[in-house]
Each structure stands twice: as C-alpha cells, then as structure tokens.
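This report refers to the structure that appears directly beneath it.
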2 protein chains.
Amino acid sequence: MNDEQLDQIFKALADPTRRRIIDRLRKQPNQSLFQICALSVAEGEKAVSRQAITQHLDMLEKAGLVHVSWSGRTKIHALDLKPLRKAADIWLHRHLQEGKDR
Amino acid sequence: MNDEQLDQIFKALADPTRRRIIDRLRKQPNQSLFQICALSVAEGEKAVSRQAITQHLDMLEKAGLVHVSWSGRTKIHALDLKPLRKAADIWLHRHLQEGKDR
DNA sequence: ACGATATGCAATGATTCTATTGCATGTCAA
DNA sequence: TTGACATGCAATAGAATCATTGCATATCGT
C-alpha cells in the first residue's frame, strides 16, 4: 500500500456520511444504491440526495473500501475491510499499541 | 465522546501533513512550533510555511490530540493519544475485529 | 534598551468537498 | 412496446480546506 492509497482511505473516513455508509454496509452487505439511499433517509438523518450518496460511494470505491458489481439495472456495493485493516496497521496501530499511558 | 468530537478526530487524520506531525511528536514529544517547522523542512518534504503548520496544529488541538503549554515565548506541543484510541475503539475496531475474512 | 527570536493575527487565494438540480441512458415487467 | 425504475452524467453553487503573505506582539539575551 502506497502513500496515496493510505491517504485516500483516511480521507474517505473523514466524512460522517461515509462512515455511516460503511456501518450499514457491514450490517447488511451487498446493498444497491437505492437501498443505501432509502436507509439513509429511513434512519432519520437529514435526507441527502441520491447523487450525494453516489459521490460518497465513488470515494469509498476509489479508496478500495467498496467494490461494485452490476446485476441488471441494480448496482451492488460490497464492503471490503481489508484496506481499512491495512491502513490501520500501517499508521494507526503503530501509535496506539505502545505507550498506552500517553 | 460525542459525534462531533469523533468527527473532528477523523477529519484531523485526513491530512498527511497532520499525520506526519503526529508521527514526529511521538518520536520526540513536547516540541515547540519552531521545532516542528524545522523538522518539517529537514525531512525533505515540500517546505510548508509556519502558518500552515500552525493551522494544522490548531486542528489537532481542537480534536484533542495535541495539548499546548507555554514556556516563555515558546509554545510546547504535547501529543495526547487517548482521544485517538477512543475514536478507534468507538468506530474503527468495531469493524475490524470481527469478520476478518471480508 | 535593543536586537533577535518565537509566535500571533488577519486577509487572501486556490483548490477541494459536499450537495444539489436537470436531463439522459439502460433495464425490467406487464 | 411502453412505462416505470435504477442509475449515470454534467453543471453548478456554497462551504471548507490548505497554504501564503505581511505585519504585530511579546519574550529573551546582551
């Protein structure tokens, strides 16, 4: 994993809407764009447009956290946590493991 | 820790310059602004101005990751990894611990 | 007191993010 | 085949981010 990938992952995590998308994709994997939008509204959040969701999903895909496949006219989104785990190993855990007193 | 704090922490991690500041502050704690700038230049990165560093440090401070104290005219920056650990526990580890196959 | 040092504050500009709207395209089902 | 459905594409617009420059302030050493 190079620096740019690492950066894209951390940037992808910077937005709360994207973190919630990850939350939901883990709760129920392989959702369509439509489903993700619907849940987004259903959970009482400030309704965000379909295009906004699309753009967030694009970012997640570019970061390698989401893989897309098509089934007819529906776009299926699969979560991939491996890059997230790798990024955490590379940068985050290095700081958190030692020196738990600080 | 509330949602806004969590968000500030993830946003703080989104920038590579800030992550490098954290790296260095862990390597050598309690550095002054001047020291951080100097190292920033010394490590061959594209020289960033003092004000830019200041703004990054402000963000890190607002996220609770850096605490500031004064000693005369020098501003000392202490790293605090506790909020980082908490944020990782609240959001990240929840996803990473289970389902290591995905 | 004076000059050098460490930092603050304010204004600005460029770029990137987030979200929106309107219209187009392709697929399913009756 | 036609209409409803799921999504794409493009053009914004407003806000936030990242970095810069110039000047001001306060502290230290001599």
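Since the model is a prediction, treat every value here as computed from it, not as a measurement. Chain letters run A, B, ... following the sequence lines, proteins first, then strands; residues in each count from 1.
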Sequence neighbours excluded, the answer for side chain to side chain donor-acceptor pair (under 3.5 Å) partners of A:Arg19 is B:Asp7
First and last nt of DNA chain C near chain A, cut-off under 4.0 Å to heavy atoms, 5' to 3', are C:dC17 to C:dC28
DNA chain C nearest-nucleotide lookup for A:Gly72 and A:Ala14: closer to the 5′ end is A:Ala14
Polar side-chain contact A:Arg50-D:dG8 base: donor and acceptor under 3.5 Å:
yes
Looking only at atom types and distance, does a side-chain atom of B:Lys75 sit under 3.5 Å from a main-chain N or O of B:Leu33, one as donor and one as acceptor? no
Taken to the nearest whole Å, CG/B:Asp7 to P/D:dA16 is 12 Å
If only atom types and distance count, is the side chain of B:Ser32 paired as donor or acceptor with the main-chain N or O of B:Gln35 below 3.5 Å? yes
Using only side-chain N and O atoms of B:Arg18, determine if any of them is under 4.0 Å from OP1 or OP2 of D:dC18. yes
Handout entry: Under-4.0 Å side-chain N/O to phosphate OP1/OP2 contact, B:His56 with D:dT17
Key = no
B:Trp70 CH2 to D:dT25 C1', in whole Å, measures 10 Å
Could you check whether B:Ser49 gets within reach of a base, just the sugar-phosphate, or nothing at all, counting any heavy atom under 4.0 Å?
base
| query | Would you call A:Arg94 and A:Asp89 a salt bridge, taking side-chain N to carboxylate O under 4.0 Å as the test? | reply | no
Below the 4.0 Å mark, does D:dG8 have OP1 or OP2 next to a side-chain nitrogen or oxygen of A:Lys75?
yes
Between A:His56 and the options A:Arg18, A:Glu61, A:Arg20, the side-chain hydrogen bond (donor to acceptor under 3.5 Å, both in side chains) test singles out A:Arg18
Symbol by symbol from the 5' end, with Watson-Crick or G-U pairs under 3.5 Å, [ ] crossing and | another strand, DNA chain C is ||||||||||||||||||||||||||||||
Separation between NZ (B:Lys86) and CG (B:Leu81), nearest 0.5 Å, reads 14.5 Å
B:Ile53 atom CD1 is separated from D:dT17 atom P, nearest whole Å, by 17 Å
**Asked** More than 12 heavy atoms of other residues, nucleotides or ligands under 6.0 Å from CG of B:Asn2: is that the case?
**Response** yes
Here the distance between atom C1' of D:dA26 and atom CZ of B:Phe34, to the nearest Å, is 17 Å
Margin query: Students often mix this up, so state it plainly: with edges at 30° and 60°, are the rings of B:His93 and A:His93 parallel, tilted or perpendicular?
Written below: tilted
A:Asp15 CG to D:dA16 C1', in whole Å, measures 12 Å
A:Leu33 CG to D:dC5 C1', in whole Å, measures 12 Å
From CD1 of A:Ile36 across to P of D:dG8 the rounded distance in Å is 11 Å
In B:Ile76, B:Ile21, B:Leu39, the residue satisfying side-chain contact (heavy atoms from CB on, under 4.5 Å) with B:Gln31 is B:Leu39
